[in-house]
Structure formats: structure tokens, C-alpha cells
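Take a look at the structure set out below.
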Amino acid sequence: MSQRRKQFPFDTFEPRWQQHWEEEKTFSVPNPGEEGFDADKPKYYALDMFPYPSGSGLHVGHPEGYTATDIICRYKKMNGHQVLHPMGWDAFGLPAEQHAIKTGEHPRVNTENNINNFRRQLKSLGFAYDWEREVATTDPEYVKWTQWIFLQLYHSYCCEETGQARPISELEEKGLSREEIDEKRLAFVADTPVNWSPDLGTVLANEEVEEWKSKGHTVERRPLRQWMLRITAFAQRLIDDLDDLDWPEGIKMLQRNWIGRSDGAEVQFKIGDDEVTVFTTRPDTLFGATYMVLAPEHPLVEKIVTADQKAAAEEYIKSCSTKSDLERTELAKDKTGVDTGAKAINPVNGEEIPVWIADYVMMGYGTGAIMAVPAHDDRDYEFAEKFDIPIIEVVQAPEGNEDKCFTGQGTAVNSDFLDGLSTADAKEKIIAWLEEKSLGKRTINYKLRDWLFSRQRYWGEPFPIVWRDGHHYGIDESELPLLAPELDDYKPTGNPEPTLAKAAEWVELDDGSIRETNTMPQWAGSCWYYARYCDARNSEAFISKEAEAYWLGANGNPGGVDLYIGGTEHAVLHLLYARFWHKVLFDLGHLSTPEPFHKLVNQGLIMGEDGQKMSKSRGNVVNPDEVVEQYGADSLRLYEMFMGPLEQVKPWSMKGVEGVYRFLGRVWRLVYEADQEGEWQLRSQLTDGEPDAATNKVVHATIKKVGEDINSLAFNTAISQMMVCSNELGKLEQLPVSSVVSLLQVLNPFAPHITEELYSALQGAYSDLPKSDLANQDWPEYVEDYLVEDEIELVVQVNGKVRDKIKVAADASKDECEELAKASEKVQGHIDGLTVRKVIVVPGRLVNIVAN
RNA sequence: GCCGAUGUGGUGGAAUUGGUAGACACAACGGACUUAAAAUCCGUUGGCCUUUUGGCCGUGCGGGUUCAAGUCCCGCCGUCGGUACCA
């Protein structure tokens, strides 16, 4: 291929246009108050999920979403919007740190190299980013505001009445003690069992465990003192506010499931003199509780276990604690447990039931204790079967249901005063009864855990916290950013002591206080980058009021970012964390919308040519650099969009790239032809005459369809329409320049280099053409009149089968259509000898003659 | 197991949301140009039958609704993601 003559000299003009855009600042957009800002223009904010700048550089999956937003942004600009289209780097991350451990080089060096490579690659694709707003989460200026936001969390609590974040000072005014206040902070310290990975040298969030384990790292549970963020206080708002977002339903569902609200009740059971509270979503089945289960880690176990069961229980608890998570899930099918010998009293009927310990009950959810109703819960049923515990039916299944263990809604039986009630009514009644007797209360539980926010790594934002006399204090804003010191050796300490603890002179302050040595997780920087882009160089605030109001302003939508495109892998974590931070900043008055992202679109994964996921080990990774070298950036962009619907998973095909490359070649040759010497010169068919009706029709149909398709993100069909258009134009003996220009205008957002190049060539020869670049021109308007046809093709069916196609006047009446259809010879042949029962006429479409 | 996507030619995918299935590409085949090739241009291309005209079948499978179903309803099957004892 490289030896073959290129169909058009993309290798010379693509870099030239890229340079032109950079020099002219074509895609830089001013902020309120800056020169060139037009307050009357509507804004459009399209955001790409920013990449982690890995050492291997961009692969062809990255530019899929980036091209989509680029097309939309260029289109919106042509339609009179001020467009915010930024790019940056999620630059903290473990690979750079591991590189530092190996080489002793500061991770910043490696990170900067990778960023430079990514930036070069992105620029080579001609994206219309405003590079003046570029951010990297590792920049000291960025770290400063990440730490500032952490301090906002640290200095806030969630008001129970309003559910909103409020300043801690309100609690101080109410006279709460230091300890009481520390327990309410949105950023707080807790001793919790955490996921510690010895080979990574850090703890992981619950959400991260699976990912790292699948990469072969070991993760174990250990109790450690950690910083947590109180995301659970926002659980309900994080569920409720999903409703008004324009997100794929599947993603909303993932988030709802992750937060995992369940409605039920807490019920108190007596065990001797002690009380155990259980959580259940089915209080209506209380009469069917035949045993109780405590999690092995439950604090009461030790106290209640009877002497003769003590040995067995201790052994069981020990075996549970040494089981890895993996073993626990793999053994999930087989229930295990030990009877404690203790008896609990069922509060509804005073009956004694045995108390077991079993690892199918988790300490981390609800109260760590359950009442077991084997007749109506699959897990309890399985357990009861295995250990021969009685099963009492208390819910009658609807007619026809023969499940051995019925878990659905039915009618209460064997339940005293609940008998005959529907499941819903029984729940209400029993809850009222429990509350009246002070034996329990209505309770809502969430699966969502507080966010474990500290890591023991080096390459992350240090906490802006110091310790003095066993208390933590936020450092003063004026001391931000607090940067990590250089180290001689970046190796983890090998125990849960953070790497930063090695830097004694950094940790120990003159006044005797000690710096917090944990660092923040990678999620921190990505939680708020969309806001920083709006005012990326502001050193006074993380975002100015004015920039916030314009770029993230309400606009009638709950979210300020108009369009956010990225992969599904961030469906839960990143998007949930960012929404949480956003709500806190919203409550504190720093942001004016309750949500960050109004419309979310997930681009589908691009697979290798072999249909497998792209990976180094499979050797099927496609590097965009090669594609750009062989076919040019426009071809890559166009192919990424032509492959299929944006949200679908689809395999890469170099042949497909060649296809769109050939299309661009045909567009090139609409304008240029090669002379004897092989030099490009304007094509002789070009004319400044008026297009004929057929040409106008296809051109204006293309303008219309491409505009509509961009709005609905259906880029593949927009491209196919432009192919149709160029095929038609290519056939003309006399090719009107105006028609070519229209095609170039609508193709410009997709293939900006070649279209600008051809347009500037036409400008040279046709002085009537506007002097500005296509990028700065208005989107062309289509003329509806050109699209209407005098005569249309009418399909004629007999009994639903197509038998003929006839030409009729576009405005033919129903009766006329019917008559013409019946007059068709072919139709005659099919209805001959039959009686016409009915004729359906869909004007402009078809006639269906029903006959038998 | 549960949840969510998805299933259309040899391939990627179209189809105004009930109205001509296969647009646009890729691949393949044939032709033009060329000493030859590449590139380009022009044709053919869902399957089966038919010399043509034409006919029959066809959107994972089986039913249903309708004048009309890729599209709507019911029941299955396959593939790909996510999730996993959450009481």
C-alpha cells in the first residue's frame, strides 16, 4: 500500500490543516468576560471520558467516541453554538508508579512522556479540541483543587432532615463535641476491614477488587484505619435523580442495582438477655421463621454460644476467616453453618428457634443477622433442607404455582392475625404491629457502602490533612497544593504503611504534627474534571461563578454537560462518584445543577479483525498511527463512524477502512483530476452553472439527512447518504460547484481535512465562494421544494404480495391510486377470476388489493 | 441463577417505528483501460426453480394479531456483556 500512489495527498494537507487550526485558534472558545465571548449564543458542552495515558498509546477504540463528539461539536459550531470540547488526562495511575519503582525515575517523567505521545496522536486525527483548556489530574494546579474539594467534603456533613451537605461549622454552633462532629463528616476516618493487596502495596475499594483480582493480584481482608467518604448519605438522591437524566436505561438500572435499595423492617429477637436485630424485606413471613442466622463475625456470637457448641463454632469461624473471597463465592452453592446451641424468641409468637452461624449471612449488609424463613427464601430453604430444620409455609402461592420454595407474592397463612392478607397488606400490618409494640420498625437498607477513599500509593493526591494529639485537621487552603516529596525509592513499604511514610522530613512538621501519608484513589481527579475544563486556568477557584453559570448552567436540564460519551466500564464507579461529588458541591453552592451529565452515550467496544477483544497478547491491536499513515486521519475518522451504530460492539476491518478511503478518493476527484504529468488540477467538468432538479434533489436530501443523523448520532447512515450523493455527482458531465460545496460542507465535520483542502482549492477558482474556512461557515440549509417529487412510484400488492410498481402523480387521490392500480396488467393477471374484497390505499406508498 | 443487550446475504450493516427486506460499503465474479499489473471506471451478486417473462421461499425457532410483521404480542433457542448468597 505504501508503495502505491495515494489517491489524494492526505499526508501533506492533513498536517497543514492541523497546524492552521492551531495557529488560527479555530476551535478555542472564550469564557464569559473574555474577548470574543458572545453571551447571546447558546452553549454546547460535549465531553469525552478522558483517557489514562498509558505507555502503549492510543488504540483504535479511543477515537470512536472522540470522533463522534468531534462531529457533533463541529456541527453545533456551524449551527451557531459556542462549543466546549476539551480533552485532558486521567494521569495518576499505578503503571507510572511501577515504572518509577523499577527505574527510580519520578513517575511524573513517565507520565509526561505518555501524555505527550497521546496528545501527538490525538492531534494527528484533527480533533477540534480547545487545547488551551487541557488538564492533567497530576498537575499541581489541578491537584490543588482536587484537594480543595476534599477539604469541602471534610468540612461538611449531611443534614439528616434535608439530606443535603452542610458546613461543619453549623454543628460547631450547635455545640457538638469534636468526637461527635468527626463522626458526621462526609470525609471521615474509620477502622474497617479493607481489601489489602500485598503485591500492589495498597488497599482497594470494594468496587475495584474484582478488577485487580482478575489481573492476577492477590487481595486479602485486613482491618485498617482508612479514610472514607460518606456516599451512603446520598444513596436516595443518587437513585431519585437518575429519573430526569437522558441516560441509557441499562446504565440507570446498573446504578440503581448497585445502590441497591431494599424496603423492609428491622425486628428484634431476644436471645436470653440479649437482643439481636435482624433486617428483612419480608416481615410478613415472620411466623415462618424457624431459625436465625448470625454472620460468623457477628459480635454477639461469642457471648451466646453454648458450652457444648463452643469448639465447633470456633472452628467454623476460623475456617470462614481464612477462606478467601474467591473460595467463598466458589463454594457458594454448598451451604455451611454451625448451631450455636442458643435459642432466640420469635417476637410474634414467643416460640423458641435455634440460632445458627453461617457464612451465607454477611456482616457487611443489614445487621449481620437474619431470621430464616425456609419456606419462602431460596437460601434459607437450601440451608434448612441440609440441616433438617423445620419448614413452615406462611404464604400461599397463587393457583398453579408449584415451587417447593415460593418466594413471590401471595396470601398469608399460618400467621395468626395476618391470615388472608395479601403480601403487601400483611407487610403493612406486621410493621404497624411491630412498631406499636416497639419490637421493630420500618427500615430501608442500601447495598451501597461508604467509599473507601485512601490508598497507600505514592502517585496520587496526598490528603490535605495533618494529625496532632490523635486528631486530624484539614490544612489551610493557602497551603494547597500539598505535593508529595521526591523519593529515592518508590517501592511500597511491604506492609500497609503508605509509601509516603518513608519521607520522614515531609511527614514530621515543626510543630509536632504529622502529615497524613495516605493518598487519594485515581477516581478523585476524574470526579470533577468536567468542571475544571470550564475554567481550566483559574487559580482563584476551581471554577468561576460566571464560567460555571454559562457552561454548566441549567438550560432546563438537570445536568450541565450536554453530551458525555465513553465506555460502559465506567457505568457504575466513575459515574456514581462524580455524581456524588457534584451533589456535595451543588449543596454547598459551588455548582448550580444537581447533576453533572445530562445525556450519556456509551460507545460500543471495537473488536479486533478476528472478532476477539483487542489485546496485546492476541496480537490483534490496531494502532491508529498506522492507519493514519496509510489512509490518512479523515479515513480513520470516517471508518470509525461508518462501521455501524455508535453504541454497538463491532469488529475492525482494514478492508472497511479502504472502502471509506476510496470514497474520499472519489470526493477528491469530484474536484481534481490528474493531468499528463500526474499533477492535480481542477476538474474540467466543474461549472458555476445551476444544478438541475435531480442534482438539487440528491444534494438537498443529503443536507437534510446528514443533519438529522448527526442529531440522532446515526453517523453510519449519514455517511452512506454522502456516498450516494458523491456517486451521483460523479456521474454528471456538468458538475455545479455549488453542489460540490454543499457536499463538502456536510462532510466537513466527518472529514475536516480533505473538505477544507478541496474547498480552499475551489475558492481560488470561484471568487464568489465565501472566504472563510468551512469550519467557520454556517451549516447549509436544505430547500424543501427540491425534495418533493411530481411523480412517485406506487407499490401495488395483491393479497400482501408485491405484483407491480406504477408511477403516479405525487398528489394523486386515494381513488385515483386505486383505479390506476386495478388497471395494471400485472395486477389484472393476479385478480382475474377473484372477487375484490377490500382495497387499502396508503397515499404515496402502496395499494393493497385483497381478493379471493 | 438473575439482570441487560443482541440475532437480517459470504461479511459490516440499512429499512421513514406496521407499508417495496438487503440502502451504503466489504468480499467475490465478469467486463473496460493497460504490454502487464496496481489504481480507476462499468456491470452481476439472498436462496431455489425458469431460456426469457416470471414464480416460490427468505430477517434465530414455533405460534398469534393484521389487508400487510424484520418491526407488535406469547413461548422457546443461541451469542455477548454485567452481576452473584444483599436477607
Side-chain angles (χ1 to χ4, degrees), chain A residues 1 3-7 210 248-251 253-254 256-258 260-262 264 278-282 285 293 295 328-329 331-335 358-362 364-373 376-380 382-383 445-449 568-569 571-572 604-605 607 611 613 639 642-645 647-660 662-663 665-666 669 674 705 708 714 716-724 727 730-731 793-805 826 829 837-842 844-851:
Chain A
M1 171 71 210
Q3 295 93 320
R4 282 206 310 249
R5 180 179 176 160
K6 294 182 168 67
Q7 294 206 12
E210 281 313 314
E249 275 310 313
I251 301 294
M253 190 131 18
L254 280 173
R256 286 195 194 100
N257 290 345
W258 190 267
R261 172 182 167 133
S262 30
V278 304
F279 174 72
T280 176
T281 57
R282 293 296 299 270
T285 62
V293 185
R328 237 172 122 151
T329 44
L331 299 170
K333 300 128 213 166
D334 197 26
K335 296 272 180 296
D359 68 354
Y360 83 92
V361 172
M362 312 289 147
Y365 183 76
T367 59
I370 63 159
M371 63 176 211
V373 185
H376 306 291
D377 182 283
D378 289 323
R379 297 149 300 180
D380 298 345
E382 210 182 301
F383 191 83
N445 246 312
Y446 297 92
K447 231 159 75 179
L448 186 70
R449 295 279 86 93
T568 343
E569 65 272 22
V572 178
L605 211 60
M607 313 295 267
K613 215 176 208 168
Y639 177 64
F642 187 61
M643 292 172 85
E647 299 182 61
Q648 214 164 83
V649 179
K650 40 210 179 277
W652 186 263
S653 156
M654 274 304 180
K655 291 286 186 191
V657 182
E658 275 188 50
V660 294
R662 280 202 283 265
F663 159 65
R666 286 195 293 277
R669 293 191 302 276
K705 181 156 177 60
E708 288 169 354
N716 53 333
T717 50
I719 293 167
S720 88
Q721 178 65 36
M722 291 188 280
M723 287 172 168
V724 170
N727 289 346
K731 289 177 192 159
E793 195 182 64
L794 193 68
V795 169
V796 185
Q797 298 180 331
V798 176
N799 290 331
K801 288 189 175 166
V802 180
R803 295 305 180 183
D804 200 6
K805 293 164 188 183
K826 288 177 186 166
R837 300 290 174 191
K838 199 174 175 185
V839 179
I840 288 109
V841 181
V842 183
R845 290 228 158 264
L846 59 68
V847 176
N848 189 8
I849 299 168
V850 185

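Convention: sequence-line order gives letters A, B, ...; per-chain numbering from 1.
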Can you tell me the Watson-Crick or wobble partner of B:rG10, both distances under 3.5 angstrom? B:rC26
Could you state the OH-P distance from A:Y365 to B:rC85, rounded to the nearest angstrom? 12 Å
P atom, B:rU79 versus B:rC74: distance in rounded Å? 24 Å
Residue A:Y360, side-chain atoms from C-beta onward, closest of B:rG4, B:rC85, B:rU40: B:rC85
G-U wobble or Watson-Crick pairing nucleotide for B:rU66 (cut-off 3.5 Å, both distances): none
Going 5' to 3' through nucleotides 17-28 of chain B and flagging B where a protein heavy-atom sits under 4.0 Å of the base, S where only the sugar-phosphate is that close, and - otherwise, we get --BB--BBSSS-
Take nucleotides 46-52 of chain B nucleotide by nucleotide from the 5' end and write B, S or -, depending on whether a protein heavy atom sits under 4.0 Å from the base, only from the sugar-phosphate, or from neither. -------
For B:rU79, give its Watson-Crick or G-U wobble partner with both distances under 3.5 Å, or none. B:rA5
Does A:R803 reach a base, just sugar-phosphate, or nothing at all? Heavy atoms under 4.0 Å. sugar-phosphate
Does A:Y639 reach the main-chain N or O of A:W652 with its side chain, forming a donor-acceptor pair under 3.5 Å? no
For the P atoms, the ones on B:rG81 and on B:rG13, what distance do you get once it is rounded to whole angstrom? 16 Å
Interatomic distance at P, B:rG9 relative to B:rG4, whole Å: 26 Å
Check whether any side-chain N or O of A:K655 sits under 3.5 Å from a backbone N or O of A:S653 as a donor-acceptor pair, and report yes or no. no
Between B:rC80 and A:K650, is there an OP1 or OP2 to side-chain N/O distance shorter than 4.0 Å? no
B:rC26 versus B:rA36 - spacing of their C1' atoms, nearest Å: 27 Å
Test your reading of the model: is there a side-chain donor-acceptor pair from A:K447 to the backbone of A:Y365, 3.5 Å cut-off? no
How long is the line joining CZ of A:F383 and P of B:rA87, in whole Å? 18 Å
Pairing nucleotide - B:rU16, Watson-Crick or G-U, each distance under 3.5 Å: none
A:F642 vs A:M723 side-chain heavy atoms within contact, under 4.5 Å: yes
In whole angstroms, how far is the C1' atom of B:rC3 from the CG atom of A:N257? 7 Å
Please find the pair of heavy atoms, one from A:A295 and one from A:M362, that lie closest to each other, and give the distance. CB-C, 3.8 Å
Atom CE of A:M362 to atom C1' of B:rA87: distance rounded to whole Å? 10 Å
Tell me: CH2 of A:W652 to P of B:rG12, nearest whole Å? 16 Å
Which is true for A:L254 with a 4.0 Å heavy-atom rule: it touches a base, it touches only sugar-phosphate, or it touches nothing? sugar-phosphate
Would you mind reading off the distance between A:I251 atom CD1 and B:rU83 atom P, rounded to a whole angstrom? 12 Å
Main chain of A:S262, side chain of A:N445: is a donor-acceptor contact present, judged purely on distance under 3.5 Å? no
Taking every non-hydrogen atom, the tightest pair across A:Q721 and A:K705: OE1-CD, 3.7 Å
Starting from the 5' end of RNA chain B, give me the residue, A:K705 or A:K801, whose nearest nucleotide shows up first. A:K705
Contact nearer the 5' end of RNA chain B, comparing A:P645 with A:N799: A:P645
Could you tell me the separation between the CD atom of A:E249 and the P atom of B:rA5, rounded to a whole number of Å? 9 Å
Suppose you measure atom P in B:rA69 against the same atom in B:rU50; what distance do you get, rounded to whole Å? 29 Å
Counterpart base for B:rU53, defined by Watson-Crick or G-U wobble contacts under 3.5 Å: none
Please measure how far the C1' atom in B:rG18 lies from the corresponding atom in B:rG30, and state the result in whole Å. 40 Å
Just checking A:K613: base, sugar-phosphate only, or nothing, at a heavy-atom cut-off of under 4.0 Å? nothing
Check for a donor-acceptor pair, side chain of A:R449 on one end and backbone N or O of A:G364 on the other, with a separation under 3.5 Å. yes
Atom P, compared across B:rG60 and B:rU44: separation rounded to whole Å: 28 Å
What distance do A:T280 atom OG1 and A:M371 atom CE have between them, rounded to the nearest 0.5 Å? 4.0 Å
Enter syn or anti for the glycosidic conformation of B:rG43, syn applying to angles within 90° of 0. anti
Is any side-chain heavy atom of A:V850 less than 4.5 Å from a side-chain heavy atom of A:N799? yes
Within 45° cone and under 6.0 Å: A:K335 NZ/CZ vs A:Y360 ring: yes
For a quick test of reading the model, state the closest non-hydrogen atom pair linking A:T367 to A:V278 and the distance between them. OG1-CA, 3.4 Å
Scan every strand shown for a Watson-Crick or G-U wobble partner of B:rA32, both distances under 3.5 Å, and answer none if you come up empty. B:rU40
Ignoring backbone atoms, test whether A:K6 places a side-chain nitrogen or oxygen under 4.0 Å from the OP1 or OP2 oxygen of B:rA39. no
Rounded to the nearest angstrom, tell me the gap between atom CD1 in A:I370 and atom P in B:rC85. 13 Å
Could you work out the separation of B:rA21 and B:rG58 based on their C1' atoms and round it to a whole Å? 9 Å
Have a look at A:S262 and say if it touches a base, only the backbone sugar-phosphate, or nothing, with a 4.0 Å heavy-atom cut-off. sugar-phosphate
